[in-house]
K.L.:
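Before we start, here is the structure in question, set down as structure tokens.
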Amino acid sequence: MAESPITARAQDFAAWYQDVVLQGDMAEPAEIVKGCMVIKPNGYAVWEGLQRELDQRFKASNHQNVYFPLLIPQSFLQKEAEHVEGFAPELAVVTIAGGKELEEPYVIRPTSETIVGHFFGKWIHSWRDLPMLLNQWANVVRWELRTRMFLRTTEFLWQEGHTAHSTHEEALEETLRMLDVYAEVAEDIMAMPVIKGVKTRAEKFAGAVRSYSIEAMMQNGLALQAGTSHDLGQNFGKAFDVQFQSKEGQLEYVWQTSWGVSTRLIGGLIMTHSDDKGLVLPPKLAPIPTVLVPIYRKDEERAQVLEAAHRIAKEVGAKVDDRDGQSPGAKFFHWERRGVPTVLELGPRDLASGKIVLKRRDTGTKEPVDQTAIAGRLTETLADIQTNLFTRAKERMKANTVLANSLEEVELILKDATAERGGGKFVMAHIKDDPVCDARLKEFKTTVRNIPLVDEYDGPGKCIVTGETVAQRAVIAKSY
RNA sequence: CGGGGCGUGGCUCAGCCUGGUAGAGCGCCUGGUUCGGGACCAGGAGGUCGAAGGUUCGAAUCCUUCCGCCCCGACCA
């Protein structure tokens, strides 16, 4: 029995995560480029799945894909005061090109609100040009000091939606619509339950009027901001002079939104479902939903088993692992670590009995199935795994959510929680949306994740910092 | 940027203190026997010891400088 290459979650959650990413062949640190990673085929295929699911929803709500330059004139960032302040510390700047010092440096986009704002200004003149609903699939660079694969890397892949509207109502509607899309993909496709809510003013996007987020809970109880949608108001419209003439003939600034999810989602996916044996992928995102491992000893068995294996695999859409010189056991471990949802085992015994063994990744259970019934059973099982993963994650989130009615209580609950040791909780408490309150939480490395759009608790109560009455409880947690 | 750790075959590391012919396990290649949860035997390939400089008859080992990576903190999708 070989030693597991994966650190147990209970021992060191952060080490476990790294091991799962590496052993699952999802990505590896680039090493030669600070803070960057190489996304490997198994990981990129998951990203392609997410792209597919998101993109079709964007298109269904009338968004069109576009592409803006990677390089943005430095002065653009400075046009929106809050925006530049928020992003300046983490910019990578190109100062030399073509062997010459540039007159004006370019920043490598950390996000594209500014350059989009510039072009919106050129493109939008009339109420007839609105709404303008664009999305961009791109890479961005943010010079983060502390990186973790998928969760925070210097360069990452994402999509950023940018829209312009003639009224604030319409923009807000868009902001919330896209938040819903994110929640739907997170829950229905990734099987990752999330809480939709509004960020506090202290935590909002630099340059937004209001930011909304979906927050997920990882297995160590830490929160992960899985997607954000921003109501930008007229901030960028004014900064980039994006005006249109209304039906009434008035010149007005547009109301904008922006929204994004990134490859960070993959990190969330991993930390939501995977176990001590490695990666666990939900069927709807698994690049390979089923692998068939043939088992044989003698050459004549080999021929018979492989013939049946390929026939059945073709029928059910499975990949046959017919690599020679690898024992079945080694193959089981191989696919288990890669998160493949279902594995079929077919050997001489099964050929004799007309059965095939179906093993599922989420529960580890094995079940012999009549070969004639395997296609249907497999479809059912994959659907059941998808449901089960979501249910499990949802229950875990519920079990690790607690109420608190004082700052001391919150601190006591979250004091010892860390990414490595775990112990995190979602603490539901009344807290005023005031930077002063956020600052108090920060003293013990905790933040308001969001104020849920739907209050599932007890309505108004007294703020744990100021004592003032606030409308409902917010999610307080340690986060990535 | 502050504190700590580490750079030696593809990977994980030993060797360094006390200078003297570069090692192990895993992986890889070849052949054979195996195969229902990480098989075994035999043979084999593979290393400018992070870089530069210095000390020395002689440096992976001692000294200096530099580079990179990881962890902890401040920053964050």
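Predicted, not measured: the structure shown is a model, and the values here were computed from it. Below, all heavy atoms of this structure are taken into account, side chains as well, without hydrogens, waters or symmetry copies. Here is the naming used below: chain letters follow the sequence lines, and residue numbers restart at 1 for every chain.
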K.L.:
Heavy atoms from C-beta onward define the side chain here; which of B:G38, B:G36, B:A77 lies closest to that of A:F156?
P.N.:
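Nearest to the side chain of A:F156 among the choices is B:A77.
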
K.L.:
For A:K355, what residues pass the salt bridge (Lys or Arg N to Asp or Glu O under 4.0 Å) criterion, not counting sequence neighbours?
P.N.:
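Only A:D370 meet the salt bridge (Lys or Arg N to Asp or Glu O under 4.0 Å) criterion with A:K355.
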
K.L.:
With sequence neighbours excluded, what pairs up with A:K196 under the salt bridge (Lys or Arg N to Asp or Glu O under 4.0 Å) test?
P.N.:
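If we apply the salt bridge (Lys or Arg N to Asp or Glu O under 4.0 Å) test to A:K196, skipping adjacent residues, the hits are A:D180.
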
K.L.:
For A:G260, which contact category applies under a 4.0 Å heavy-atom criterion: base, sugar-phosphate, or nothing?
P.N.:
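No contact.
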
K.L.:
Can you check the distance between B:C6 and B:A45, where both ends of the measurement are the P atom (answer in whole Å)?
P.N.:
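Approximately 34 Å lies between the P atom of B:C6 and that of B:A45.
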
K.L.:
Pull out every residue in residues 176-187 of chain A that has a heavy atom closer than 4.0 Å to any atom of RNA chain B, ordered by number, or say none.
P.N.:
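By residue number: none to list.
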
K.L.:
With rounding to the closest Å, how many angstrom separate the C1' atoms on B:G27 and B:C63?
P.N.:
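These two C1' atoms come out 37 Å apart once rounded.
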
K.L.:
Could you name each residue pair satisfying ring-ring contact (aromatic ring centres under 6.0 Å, His included) that touches residues 189-214 of chain A, not counting sequence neighbours?
P.N.:
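Passing the test, one end in residues 189-214 of chain A: A:H83-A:F205, A:F87-A:F205, A:F205-A:H230.
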
K.L.:
Tell me what A:Q225 touches on the nucleic acid: a base, only sugar-phosphate, or nothing, going by heavy atoms under 4.0 Å.
P.N.:
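Sugar-phosphate contact only.
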
K.L.:
Among B:A39, B:C75, B:A77, find the nucleotide with the atom closest to the side chain of A:S327.
P.N.:
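Among B:A39, B:C75, B:A77, the one nearest the side chain of A:S327 is B:A39.
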
K.L.:
From the list B:A77, B:G36, B:C35, which nucleotide is the closest neighbour of the side chain of A:E345?
P.N.:
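Within the option list, the nearest is B:G36.
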
K.L.:
For A:W143, which residues count as a ring pair (Phe, Tyr, Trp, His ring centres under 6.0 Å) partner, sequence neighbours excluded?
P.N.:
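So A:W143 forms no ring pair (Phe, Tyr, Trp, His ring centres under 6.0 Å) with any residue.
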
K.L.:
Taking side-chain contact (heavy atoms from CB on, under 4.5 Å) as the definition, give me every residue that meets it alongside A:R323, ordered by chain and number, with sequence neighbours left out.
P.N.:
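Only A:D321, A:Q326, A:K331, A:H334, A:W335 meet the side-chain contact (heavy atoms from CB on, under 4.5 Å) criterion with A:R323.
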
